[in-house]
2 protein chains.
Amino acid sequence: MASYHHGDLRRVLLSTAAEAIAESGPAALSLRELARRAGVSHAAPAHHFGDKAGLLTALATQGFDLLADALRQAGDDLLDTGVAYVGFAVRHRAHFDVMFRPELYRADDPELVAARARSGELLRGGVARRTGREPDADALAAWSIVHGFATLWLSGALPPRVGDDPEAAARTVIGRLFS
Amino acid sequence: MASYHHGDLRRVLLSTAAEAIAESGPAALSLRELARRAGVSHAAPAHHFGDKAGLLTALATQGFDLLADALRQAGDDLLDTGVAYVGFAVRHRAHFDVMFRPELYRADDPELVAARARSGELLRGGVARRTGREPDADALAAWSIVHGFATLWLSGALPPRVGDDPEAAARTVIGRLFS
DNA sequence: GTGCCATCTTGTCAATGACAAGTTAGGGTG
DNA sequence: CACCCTAACTTGTCATTGACAAGATGGCAC
């Protein structure tokens, strides 16, 4: 049929891309493979995103928005915020994988910059509420520990002994920051 | 000239690859571009490494060995070990970038597995000496915080306020783990 | 000096990203 | 209702790439 005006292609391409990246990483992503999965012509993705970097920019932007949502839902407690960060990374692996690899996308895209700023604000806010101190060093330590744990978990570098529940393990690890 | 028996091609290709990756990330690495930079034919890299994944496997293995060296030089203090970890990531950015991205290489390669085990041992050793406690959770927390800081630093996600000396900033951040 | 074999080359193929140019349909305007 | 105007897609093409096959070269053992 190849009916024109799919109507929803942009959204479908984004979620299909997320699936593909979750399976084999951003490096293996192919626009043409994506188009095939979505049942459209090989040049359709380029129309919506310009090029591959454009697609990944959109994906990263969506990722920062999803992260902001997750952090908001976690409430005010810093420990919960940290666990939510790890939970986001595990649940939205593809987004997370792209977000912190700025060489893959256009890091100066206005929408992306705005979304990134929003999620960063929430992160810093959680730390300030907990410690009351000058948040700089504490925020950096908290962000580092949750980001590091999430990254190591996703890379499969952690020994099996850590278990299979990333959020529970994260809670233990983050706890060490306040002992 | 195109003299056969370059003699040192494997080593040259590895260091050239590290340069290229440091410039534009592992995704942008091209075997043919590499061959061009080294002044050899477009198929020479494949001879030494089989394929792209083979090259990255070799690079990751070399990376784990370099990390082990850096950790050994740091001595017994846990804080110094952590700073050394961050220092390694910054100084050998390309290696670090590849090491924790197992989908890019053959993670079950015997040499790589051995090198990774060696550096892991040094990391755990540093933690055990400092705390004396059951090292699992502490080691994980320490590894997470240094790995997270290094990753965030390299990704450029940190605000300028953190400064331009990653090792000094790392020392402050890691200190928060024992306060 | 002869043969062997690791090292490197040339040649080729399918797949890919990017771009140019064409096609379709749906909504607003007259 | 006819028109067209534009966003949403398509077809076609090109240079580049990774992988592989087959050939060339030269040092080294014997």
Side-chain angles (χ1 to χ4, degrees), chain A residues 1-21 23-60 94 98 101-107 109 111, chain B residues 1-21 23-60 94 98 101-107 109 111:
Chain A
M1 36 170 294
S3 77
Y4 279 38
H5 287 184
H6 181 293
D8 211 19
L9 226 205
R10 189 188 157 92
R11 212 177 49 79
V12 168
L13 284 176
L14 274 180
S15 68
T16 307
E19 279 178 40
I21 292 175
E23 288 167 19
S24 6
L29 184 68
S30 149
L31 292 184
R32 290 171 106 107
E33 168 66 22
L34 226 62
R36 249 170 269 139
R37 290 206 205 186
V40 292
S41 83
H42 65 88
H47 171 69
H48 285 280
F49 301 104
D51 57 3
K52 200 172 184 174
L55 198 170
L56 293 177
T57 303
L59 204 69
V98 173
R101 209 149 301 165
E103 78 272 13
L104 293 179
Y105 58 84
R106 274 181 274 281
D109 178 271
E111 288 190 43
Chain B
M1 33 170 296
S3 77
Y4 279 39
H5 288 186
H6 180 290
D8 211 20
L9 226 203
R10 189 189 157 92
R11 212 178 49 79
V12 169
L13 284 175
L14 275 179
S15 69
T16 308
E19 278 178 41
I21 292 175
E23 288 167 18
S24 7
L29 184 68
S30 148
L31 292 182
R32 289 170 109 106
E33 168 65 22
L34 226 61
R36 250 170 267 139
R37 290 207 206 185
V40 293
S41 84
H42 65 88
H47 172 70
H48 285 280
F49 301 103
D51 57 4
K52 201 172 184 173
L55 198 170
L56 293 177
T57 304
L59 203 72
V98 174
R101 207 148 303 161
E103 78 273 11
L104 293 180
Y105 57 83
R106 274 180 275 280
D109 178 90
E111 288 190 44

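Below, chain A is the first sequence line, B the second, and so on; all start at residue 1.
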Answer whether the closest heavy-atom distance between the side chains of A/Ile21 and A/Leu56 falls below 4.5 Å. yes
Separation of D/dA19 C1' from B/Phe49 CZ (nearest whole Å): 16 Å
Protein-nucleotide distance (A/His47, atom NE2; C/dG22, atom C1'), rounded to Å: 14 Å
Note: A/Ser24 and A/Ala28 closest approach over all heavy atoms is O-CB, 3.5 Å
Restricting to non-hydrogen atoms, name the atom on B/Ala38 and the atom on B/Leu13 that form the minimum distance, rounded to 0.1 Å. CB-CD2, 4.1 Å
D/dA8 P sits how many Å from A/Leu9 CG, rounded? 10 Å
For B/Leu31 and B/Asp51, work out which heavy atoms get closest and say how close. CD1-C, 4.4 Å
Rounded to the nearest angstrom, tell me the gap between atom CG in A/Leu56 and atom P in C/dA18. 10 Å
Could you tell me how far apart B/His48 (NE2) and C/dA6 (C1') are, to the nearest whole angstrom? 9 Å
Interatomic distance, A/Asp51 CG vs C/dT16 C1' [rounded to whole Å]: 14 Å
Shortest non-hydrogen contact from B/Thr57 toward B/Tyr105: OG1-CB, 3.3 Å
Considering residues at least two apart in sequence or located in another chain, which fulfil the salt bridge (charged side-chain N to carboxylate O under 4.0 Å, His left out) criterion with A/Glu23? A/Arg37
Minimum heavy-atom separation for A/Leu34 and A/Leu55, please, with both atom names. CD2-CD1, 3.5 Å
If I take atom CG in residue B/Leu13 and atom P in nucleotide C/dT7, what distance separates them, rounded to the nearest angstrom? 12 Å
Within this structure, what is the CZ-to-P distance between A/Arg11 and D/dA8, rounded to whole angstrom? 15 Å
Contact check, side chains of A/Arg101 and A/Pro26, non-hydrogen atoms, under 4.5 Å: yes
N/O to N/O distances under 3.5 Å, protein versus nucleotides 13-17 of chain D:
from   : atom 1 : to      : atom 2 : distance (Å)
D/dT17 : OP2    : B/Arg36 : NH2    : 2.6

Rounded to 10 degrees, the angle between the two terminal axes of the helix from C/dG1-D/dC30 to C/dG30-D/dC1, each from five pairs: 10°
Of all the nucleotides listed (D/dC9, C/dT9, D/dT10), which has the minimum atom distance to the side chain of A/Ser41? D/dT10
What contact category does B/Ala46 fall into here, base, sugar-phosphate, or nothing, at under 4.0 angstrom with non-hydrogen atoms? nothing
In terms of side-chain heavy atoms of A/Ala43, which of D/dT10, D/dA19, C/dC8 is nearest? D/dT10
Should B/Arg106 and B/Asp109 be marked as a salt bridge (Lys or Arg N to Asp or Glu O under 4.0 Å) after you check the CA-CA gap, both sets of side-chain angles, and the distance that decides it? CA-CA 6 Å; B/Arg106 274 180 275 280; B/Asp109 178 90; 5.8 Å; no
